Amino acid sequence: MSIGAFPAMRLILRRELRLYFRRPDQLLQPLVFFLIVTTLFPLALSPRLSLLRDMAPGVLWVAALLSSLLSLETLFKADAEDGTLEQLALSGQSLGVIVIAKTLAHWLVSGVALVAMSPLVATALAIPTDAFPVMFASLALGTLTLSWLGAIGAGLTVGLRRGSVLLSLIVLPLAMPLLIFGASATDRAIGGESPAGALYFLGALCVFTTSLAPVAAAAALRITLE
Amino acid sequence: MQEATDPIDAPRASSLDLSADKIHVWRGDRHVLRGAGFAVKAGELLHVAGPNGTGKTTLLRVVCGLLRPEQGAVSWCGRPIDAIRAEYQAAMAYASHEAALKSDLSALENLRYSVGLKRRVGDHELRDTLGRTGVAACADLPARVLSAGQRRRVAMARVLAMRAPLWLLDEPFTNLDSKGTALMCRMLEAHLDGGGLALVVAHHALALARPIRRLELGE
C-alpha cells in the first residue's frame with residue numbers, strides 16, 4: 001500500500017531540493033537577475049535618494065516578479081521531458097500532493113532566497129532599514145503566492161515547446177494585485193505609515209492561492225499528461 | 001555480476017485480473033485504437049505487438065491510466081481503474097520506453113524517490129535490487145553518466161523494487177545486451193511464477209519458456 005500524503009510530500013520536497021542544489025546555475029540565475037535588474041535602476045536614473053526611495057517599492061516588486069517567473073518554467077517541464085513526471089503521477093499519490101511539494105520547493109529556493117537577498121537590494125535603492133520587516137513579510141507572502149500562480153501556469157504550459165511566453169502571459173495578469181499591494185505595503189512602510197491593510201490583502205491572496213492553486217495546477221497537469 | 005534468479009515478491013493471490021474492453025482512442029483526426037480489448041489473469045503475460053504507429057504505447061498509457069480512452073474502460077479485479085486510482089497505482093509498476101531517470105540524481109536516489117512513494121523502502125534493499133539487475137556498481141553514479149543499457153537496467157530495478165503484482169512495460173528490451181535481455185526474460189518468468197501479471201509492448205518476439213498471449217494491433 002502507498003505511503004501517506006505527508007511522508008510523500010516530504011520525500012518529493014527532498015528530491016526537489018536535492019535537484020536544485022545539484023544544478024546551482026538554475027538556483028542562482030533568478031537571484032542574480034533580481035540583483036542586476038534592481039541595481040541597474042540607480043545607475044540609469046539619477047542617484048538622488050528621494051527619487052530612488054519613491055521608486056524603490058515598484059522596482060523591487062517588478063524585479064521579484066520577473067525573477068520568480070524565470071525559474072517557474074522548469075517547475076514541471078524538466079520532469080515531463082525526462083519521463084519522471086509520469087512516474088510521479090503513477091506513484092499512487094494524488095497530483096495535488098505532487099504539486100504542493102514541488103511548488104513549496106520552488107518557493108524555498110526562489111522566494112525565500114529572494115527575501116534573504118532583499119536587504120542588499122534595498123540598501124542600493126535607499127530603502128530605510130525601518131521598512132525592512134514589512135518588506136520581508138510582503139515579499140515572503142508575495143513570492144509564495146507567485147509560486148502558486150506560477151504552478152497553474154507551468155501546469156498548463158508544460159506540454160508546449162515554447163511555453164515561457166505563454167507562461168508570462170498567464171501569470172503576470174494574475175499577479176497584478178500582488179504587485180499593487182506588495183509595492184504599496186513597502187511604500188507605506190518607507191513613508192512611516194501603517195502597512196497593515198496592504199499586508200492583510202497579501203495574506204488573503206496567499207491563503208486563497210494556497211488553497212485553490214494545487215487543485216487547479218493538478219487539473220492542468222492531468223490534461224497535459226494525456 | 002549478481003543476477004536475478006530468485007523469485008520476486010509478488011502477491012500469491014490468484015484472483016488478480018486486468019481487462020480492457022473495446023478501447024477507442026482518437027488523436028486529433030486519427031483513430032489510433034479501434035476497439036482493442038484483452039483480459040489477463042494472474043500468472044499470465046500479454047505481449048502487445050504490431051508495427052510502428054499502431055497504438056501499442058497508446059494502449060499501454062490507457063491501461064496505466066495516464067490516458068483516458070474516448071470509449072471503453074480498463075478494469076482491475078473487476079472494477080474500473082478510474083474508481084480505484086490509488087489502489088490500482090499501488091498495484092502497478094510502469095516502465096515507459098524511456099528510462100525516466102533524473103540525470104542529476106544517482107541511480108540509488110532515483111529509485112529512492114520513485115519507489116519510496118509507493119512503499120517504505122531502505123537504501124540497503126534498493127542497492128540489493130540494483131545488484132539483481134547487474135548495476136550495483138552504478139548505484140552512486142549520477143544517471144547522466146550511465147549508458148543507455150545501464151539506465152534501462154536501473155529502470156528494471158525500479159520495477160522490481162516496487163513489488164507490484166502488475167507490470168506494464170513499454171519496449172523493455174531496448175538498449176539491452178544479450179545478457180540483459182536474458183535477465184529481463186528471467187525476471188518476467190519469476191514474476192509470472194509468483195502470480196504476477198505483465199503487459200509487455202515489444203515489436204519482436206519474446207523468448208519465454210511458456211505460452212504467451214499475444215495481442216496484435218493494427219490488423
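In the text below, chain A, chain B and the rest are named by the order of the sequence lines, each starting its count at 1. Here the structure is a predicted model, which is why all the values come from computation and not from measurement.
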- Query: Taking the side chain from Arg153(B) and the backbone from Thr133(B), do they hold a donor-acceptor pair closer than 3.5 Å?
  - Reply: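 Yes; at least one donor-acceptor contact below 3.5 Å.
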Against chain A, work out which of [options] has the most heavy-atom pairs shorter than 4.5 Å and name it.
{"options": "Lys102(B), Arg112(B), Glu98(B)", "value": "Lys102(B)"}
{"options": "Leu67(B), Asp104(B), Leu101(B)", "value": "Asp104(B)"}
{"options": "Glu109(B), Met162(B), Arg85(B)", "value": "Glu109(B)"}

- Task: Heavy-atom pairs under 4.5 Å with chain B are the metric here; pick the option from Leu90(A), Ile12(A), Leu19(A) that has the most.
- Result: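 Most pairs with chain B among the choices: Leu90(A).
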Report yes if the side chains of [X] and [Y] come closer than 4.5 Å at any heavy-atom pair, otherwise no.
{"X": "Pro7(A)", "Y": "Arg120(B)", "value": "yes"}
{"X": "Gln93(A)", "Y": "Ile3(A)", "value": "yes"}
{"X": "Leu217(B)", "Y": "Leu33(B)", "value": "yes"}

- Task: Only pairs at least two apart or in different chains count here, so list each ring pair (Phe, Tyr, Trp, His ring centres under 6.0 Å) that has a residue in residues 201-226 of chain A.
- Result: Phe181(A)-Phe201(A)
- Message: Please check if the number of heavy atoms outside Arg68(B) that lie under 6.0 Å from its CZ is greater than 12.
- Response: no
- Task: Assess whether atom CZ of Phe41(A) is packed by more than 12 heavy atoms of other residues, nucleotides or ligands within 6.0 Å.
- Result: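 Check fails, neighbour count at 12 or below.
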- Message: Working to the nearest 0.5 angstrom, can you tell me the gap between Glu44(B) CD and Phe38(B) CZ?
- Response: 11.5 Å
- Query: Does any heavy atom of chain A fall under 4.5 Å from the side chain of Arg27(B), the backbone, both, or neither of them?
  - Reply: side chain
- Check whether Arg158(B) gets within reach of chain A through its side chain, its backbone, both or neither, counting any heavy atom under 4.5 Å.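 Just the side chain, heavy atoms under 4.5 Å.
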- By number, which residues in residues 62-84 of chain A have some heavy atom less than 4.5 Å away from chain B?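 Ala78(A), Asp79(A), Glu81(A), Asp82(A), Gly83(A), Thr84(A) fall under the 4.5 Å cut-off.
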- Query: Regarding Trp148(A) and Thr103(A), is there a side-chain donor-to-acceptor distance under 3.5 Å anywhere?
  - Reply: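 No donor-acceptor contact under 3.5 Å links the two side chains.
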- Query: Measuring heavy-atom distances to chain B, does Arg23(A) have an atom under 4.5 Å in its side chain, in its backbone, in both, or in neither?
  - Reply: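 Interface part for Arg23(A): side chain.
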